[in-house]
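Note that these values count all heavy atoms, side chains included, but never hydrogens, waters or copies made by symmetry.
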Amino acid sequence: MSKLETELVEYKGHEYVCAWIPDVLADMYGNICIGCHSLSEALYDDEKGYPDEEAKEIDETIYAYIDDDYFNLSYEEFIEKVIKYLD
């Protein structure tokens with residue numbers, strides 16, 4: 001099993017994990033960015049919306065958000081979770 005390659009997104013002095021993966025959901029060429037759930041919570045409030053323009057810009061680059069713990073999985077397990085969670 002291969003290691004999941006992740007990167008960090010910084011927002012308001014905090015770092016949040018995300019991963020670029022092949023577009024396994026639409027069977028299209030290219031990659032999609034999957035962000036952690038804690039980033040979603042930092043960027044958007046259901047009652048107040050986006051706190052600022054930076055939050056909106058970051059959110060628009062993220063295809064979907066999943067549980068923070070999934071980023072500790074192998075690449076293959078992560079892909080399985082994304083497919084299961086978002087399908």
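- When side chains are defined from C-beta on, Ile66 counts as touching Val82, because their heavy atoms get closer than 4.5 Å.
- For residues 68-80, there are no salt bridge (charged side-chain N to carboxylate O under 4.0 Å, His left out) pairs, not counting sequence neighbours.
- Here CH2 of Trp20 is found 13.5 Å from OG1 of Thr6. Values are rounded to the nearest 0.5 Å.
- The side-chain hydrogen bond (donor to acceptor under 3.5 Å, both in side chains) test applied to Thr61 returns no partner, not counting sequence neighbours.
- Evaluation of the ring-ring contact (aromatic ring centres under 6.0 Å, His included) rule for Phe78 yields Phe71 as partners, not counting sequence neighbours.
- Listed by chain and number, the residues in a side chain to side chain contact (heavy atoms under 4.5 Å, CB included) with Glu60 are Lys56 (sequence neighbours excluded).
- Rounded to the nearest 0.5 angstrom, Cys33 SG and Glu7 CD are separated by 6.0 Å.
- Of all heavy-atom pairs spanning Leu43 and Pro51, the tightest one is O-CD, 3.1 Å.
- Tyr85 meets the side-chain hydrogen bond (donor to acceptor under 3.5 Å, both in side chains) test with no other residue; sequence neighbours excluded.
- Taking the side-chain hydrogen bond (donor to acceptor under 3.5 Å, both in side chains) definition, one finds that Glu54 meets it with nothing, sequence neighbours left out.
- Nearest heavy atom pair, residue Gly35 against residue Ile62, reads N-CG2, 3.6 Å.
- Shown here are the side chain to side chain contact (heavy atoms under 4.5 Å, CB included) partners of Ala42, two or more places apart in sequence or in another chain: Tyr11, Tyr16.
- Between atom CD of residue Glu5 and atom OH of residue Tyr75 there is a gap of 10.5 Å, rounded to the nearest 0.5 Å.
- Within the structure, salt bridge (charged side-chain N to carboxylate O under 4.0 Å, His left out) contacts touching residues 31-53 (residues at least two apart or in different chains) are Lys12-Asp52.
- Between the CG atom in Leu73 and the CG atom in Asp67 there is a gap of 9.0 Å [rounded to 0.5 Å].
- Contacts of Val9 classified as side chain to side chain contact (heavy atoms under 4.5 Å, CB included), with partners at least two apart in sequence or in another chain: Cys18, Leu39, Ile58.
- Separation of atoms CG (Leu86) and CD1 (Ile34) is listed at 5.5 Å; rounding is to 0.5 Å.
- From Ile21, atom CD1 reaches atom CG of Asn31 across 8.5 Å, with rounding to the nearest 0.5 Å.
- Partners of Tyr65 according to the side-chain hydrogen bond (donor to acceptor under 3.5 Å, both in side chains) rule, which considers only residues two or more places apart in sequence or in another chain, are Asp59.
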